[in-house]
Amino acid sequence: MSLLVVGLSHRSAPVSVLERAALSLDAQVKLVQDTVAAEPATEAAVLATCNRIELYADVDKFHAGVAELSTLLAQHSGVGLDELTPYLYVHYEDRAVHHLFSVACGLDSMVVGEGQILGQIKDALARAQELHTAGRLLNDLFQQGLRVGKRAHSETGIDRAGQSLVTFGLEQFTAGADVGSWARGKRAVVIGAGSMSSLAAATLARAGVGEIVIANRTYDRAERLAHLLEEQYGQRLTEEGGTGVLARAIPMESVPAELTRADVAVSCTGATGLVLSVDTVAAAVEGRVPEGAPAGPEGRTDIRSDIRPVLPSVSPGDDDCPLDLPAAQGGGFSVLGEAAVAGMDAATLEQHAAWVDNATVDRRASRRTPERESTRTPAADAELIAALAAAVAVTGRITELRGPEPVAAVPRPAPVLALLDLAMPRDIDAAAHRLAGVRLVDIESLAEVSANAPMASDVDMVRRIVSDEVAAFGAAQRAAHITPTVVALRAMAADVVATEIARLEGRLPALDDKYRGEITQTVRRVVDKLLHAPTVRVKQLAAEPGGAGYADALRTLFDLDQETVAAVSRAEASDKNVQQNAENRGRS
């Protein structure tokens with residue numbers, strides 16, 4: 001096994017880089033095809049989600065593989081290799097298996113334990129199978145990854161360690177309340193009809209929103225999703241005593257009009273540009289917030305008009321101060337505070353110190369002369385330091401004039417439109433968060449919030465499951481690696497038996513059929529017994545770490561033809577792929 005993973009995710013790269021490196025479906029297909037066409041790789045698959053892009057490949061050379069996969073990622077993402085390289089991570093062999101299993105369990109997700117990644121892994125495998133770029137290794141890896149992820153969710157409480165990205169995003173609007181109580185009766189607009197948008201629509205429907213409007217570039221897909229929502233949640237919620245969900249589809253050009261009456265909007269499309277501009281959002285909330293309401297993020301204000309005026313100095317002799325005091329005033333500081341002396345040169349500070357200490361000597365001119373600079377002495381420096389210390393002592397006794405005056409909090413209106421942007425690259429202009437009455441949550445803000453989320457104790461249990469499964473997968477792969485050699489050895493032994501039996505028949509043509517059969521069975525049993533113990537033992541040894549060399553030893557000892565072994569491997573892989581593809585079609 002020479003499994004190699006090269007990728008970047010929300011853990012290694014800023015959202016701005018992930019946004020630019022996002023791959024469309026066509027780009028993913030081309031990347032996989034170009035990877036298997038490259039010399040180091042024989043298999044390839046791409047796992048691309050809203051916060052990760054990973055290229056998996058079976059390579060025969062590590063360094064050449066890393067170079068080739070990194071270059072291909074840069075080419076197809078459109079981000080320069082020099083810019084992309086600092087954010088790439090590389091996993092090889094067992095570490096690569098450990099990484100995928102951790103991803104499948106939700107340990108590497110932005111919200112720990114979210115289960116949507118399993119569907120994305122399944123889609124990545126199905127795409128590679130359709131393109132015939134997934135061989136035995138990647139088929140085994142992704143299939144086992146799906147099983148490990150399901151096991152983690154069924155045997156542990158990893159789901160309690162985090163929610164789906166949609167639920168977690170909606171929770172940012174509720175101020176600690178339950179999503180259901182917050183969403184009940186609201187009007188929602190969902191832009192997009194893909195897997196993430198469908199999940200968002202279903203989550204909102206379960207939460208009890210009164211109306212869901214689905215917009216998509218392909219109107220038929222939006223209509224199907226709206227019909228499905230009404231079918232699944234409308235009647236059920238009514239029977240449970242709630243209000244049925246009203247769902248309808250609209251074309252994309254109708255989104256601005258629908259936003260004017262919406263309470264929440266979720267967007268997750270595959271568009272490469274913005275879907276909602278700041279002007280569109282501003283028009284949607286116009287007239288829905290009080291006139292003159294301050295803008296800026298909640299809990300923060302950029303308006304400083306309600307600040308208490310600057311207090312005048314109470315020290316004597318302000319009119320004679322050598323500093324330009326009007327220029328120094330402002331920002332809530334008194335003229336004798338830090339603002340009055342910030343950024344001034346040492347000579348000016350000394351002049352100010354002398355004035356505060358009722359001195360009358362103006363040293364600024366003399367300090368700027370070359371003669372003054374050349375005749376500086378430790379005594380002169382000590383004099384300057386003492387003068388500055390005196391200034392600190394004087395102003396330090398007027399503490400109420402040194403600190404900034406308190407800033408009055410400017411109340412902001414409650415948001416009338418909650419925007420959840422789950423797309424990568426983003427769908428909604430980030431400048432919308434500055435609008436009064438708007439609350440925007442996107443992938444970047446979710447990453448910041450979830451960084452300090454508490455980890456459940458179940459995470460440790462999942463990590464142990466991952467470690468056990470990685471060891472088991474490695475052993476199975478190493479054992480499978482020697483199987484073609486064992487099969488080739490037994491085939492060679494069978495040929496030897498057949499040849500010797502044919503020679504016996506040539507020498508003893510009158511031999512009775514009964515005796516000939518007994519002799520043939522006896523020879524075959526002898527060969528089988530001689531090969532049984534060595535082949536069983538070599539499989540056991542090959543399954544252990546470092547056991548890959550036993551296949552080579554077996555081929556050398558019995559002088560097995562390499563092409564025969566390779567033919568067995570290809571036949572087994574082909575049969576397995578056919579079986580797995582049939583199983584996938586059956587599940588679909």
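Since the structure is predicted, the reported quantities are computational estimates derived from the model, not experimental observations. Just so it is clear, the values below take in all heavy atoms, side chains as well, and ignore hydrogens, waters and symmetry mates.
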Ignoring hydrogens and geometry beyond distance, is a side-chain donor-acceptor pair present between [X] and [Y] at under 3.5 Å?
{"X": "T218", "Y": "D220", "answer": "no"}
{"X": "D427", "Y": "T269", "answer": "yes"}
{"X": "E43", "Y": "Y56", "answer": "no"}
{"X": "R524", "Y": "Q521", "answer": "no"}

Dump the intermediate steps for side chain to side chain contact (heavy atoms under 4.5 Å, CB included) on V496 and V527, then the final yes or no. CA-CA 10 Å; V496 171; V527 172; over 6 Å; no
Decide, yes or no, whether a salt bridge links R127 with E130 under the criterion of side-chain N to carboxylate O below 4.0 Å. no
Hey, is R525 close enough to D528 for a salt bridge, meaning N to O under 4.0 Å? no
Looking only at heavy atoms, which two atoms of [X] and [Y] are closest? And how far apart?
{"X": "P40", "Y": "A64", "answer": "CG-O, 3.9 Å"}
{"X": "L8", "Y": "Y89", "answer": "CA-CE2, 3.4 Å"}
{"X": "A152", "Y": "I158", "answer": "O-CG2, 3.7 Å"}
{"X": "V466", "Y": "S102", "answer": "CG1-OG, 3.8 Å"}
{"X": "A201", "Y": "L229", "answer": "CB-CD1, 3.7 Å"}
{"X": "R221", "Y": "G194", "answer": "NH2-CA, 3.9 Å"}

Side chain to side chain contact (heavy atoms under 4.5 Å, CB included) test vs L225 passes for just one of I212, N216, I214, namely I214
Any heavy-atom pair between the side chains of [Y] and [X] that's under 4.5 Å?
{"X": "I443", "Y": "C50", "value": "yes"}
{"X": "R224", "Y": "H227", "value": "no"}
{"X": "T520", "Y": "L504", "value": "no"}
{"X": "Q129", "Y": "N139", "value": "yes"}
{"X": "R426", "Y": "E444", "value": "yes"}
{"X": "L511", "Y": "I519", "value": "yes"}
{"X": "R136", "Y": "D140", "value": "yes"}
{"X": "L100", "Y": "V5", "value": "no"}

Side-chain donor-acceptor distances from residues 67-74 under 3.5 Å, at least two apart:
unit_1, atom_1, unit_2, atom_2, d
S70, OG, V66, O, 2.7
T71, OG1, A67, O, 2.8

From CA spacing to verdict: side chain to side chain contact (heavy atoms under 4.5 Å, CB included), D60, S2: CA-CA 6 Å; D60 55 6; S2 298; over 6 Å; no
Quick one: pull up [atom1] in [X] and [atom2] in [Y] and give me the separation to the nearest 0.5 Å.
{"X": "I191", "Y": "R217", "atom1": "CD1", "atom2": "CZ", "answer": "9.5 Å"}
{"X": "H76", "Y": "K30", "atom1": "NE2", "atom2": "NZ", "answer": "5.0 Å"}
{"X": "T42", "Y": "L138", "atom1": "OG1", "atom2": "CG", "answer": "8.0 Å"}
{"X": "S77", "Y": "L55", "atom1": "OG", "atom2": "CG", "answer": "11.0 Å"}
{"X": "R151", "Y": "I465", "atom1": "CZ", "atom2": "CD1", "answer": "4.5 Å"}
{"X": "L420", "Y": "C268", "atom1": "CG", "atom2": "SG", "answer": "9.0 Å"}

Assess whether atom CD of E39 is packed by more than 12 heavy atoms of other residues, nucleotides or ligands within 6.0 Å. no
Under 6.0 Å from the CZ atom of R95, do we count more than 12 heavy atoms belonging to anything else shown? no
List for me each residue that meets salt bridge (Lys or Arg N to Asp or Glu O under 4.0 Å) alongside D26, sequence neighbours excluded, and say none if there are none. none
Strictly distance-based, threshold 3.5 Å: is any side-chain N or O of [X] a donor or acceptor partner for the main-chain N or O of [Y]?
{"X": "R52", "Y": "D108", "value": "yes"}
{"X": "S12", "Y": "Y87", "value": "yes"}
{"X": "Q172", "Y": "F168", "value": "yes"}

List in chain and number order the residues that pass side-chain hydrogen bond (donor to acceptor under 3.5 Å, both in side chains) with T133, two or more places apart in sequence or in another chain; answer none if no residue qualifies. none
Could you give me the CA-CA distance, side-chain angles and deciding distance for V32 and Q28, then say whether side chain to side chain contact (heavy atoms under 4.5 Å, CB included) is met? CA-CA 6 Å; V32 170; Q28 294 176 39; 5.7 Å; no
Anything under 30° is parallel, anything over 60° is perpendicular, the rest tilted; go ahead and classify H99 against H91. parallel
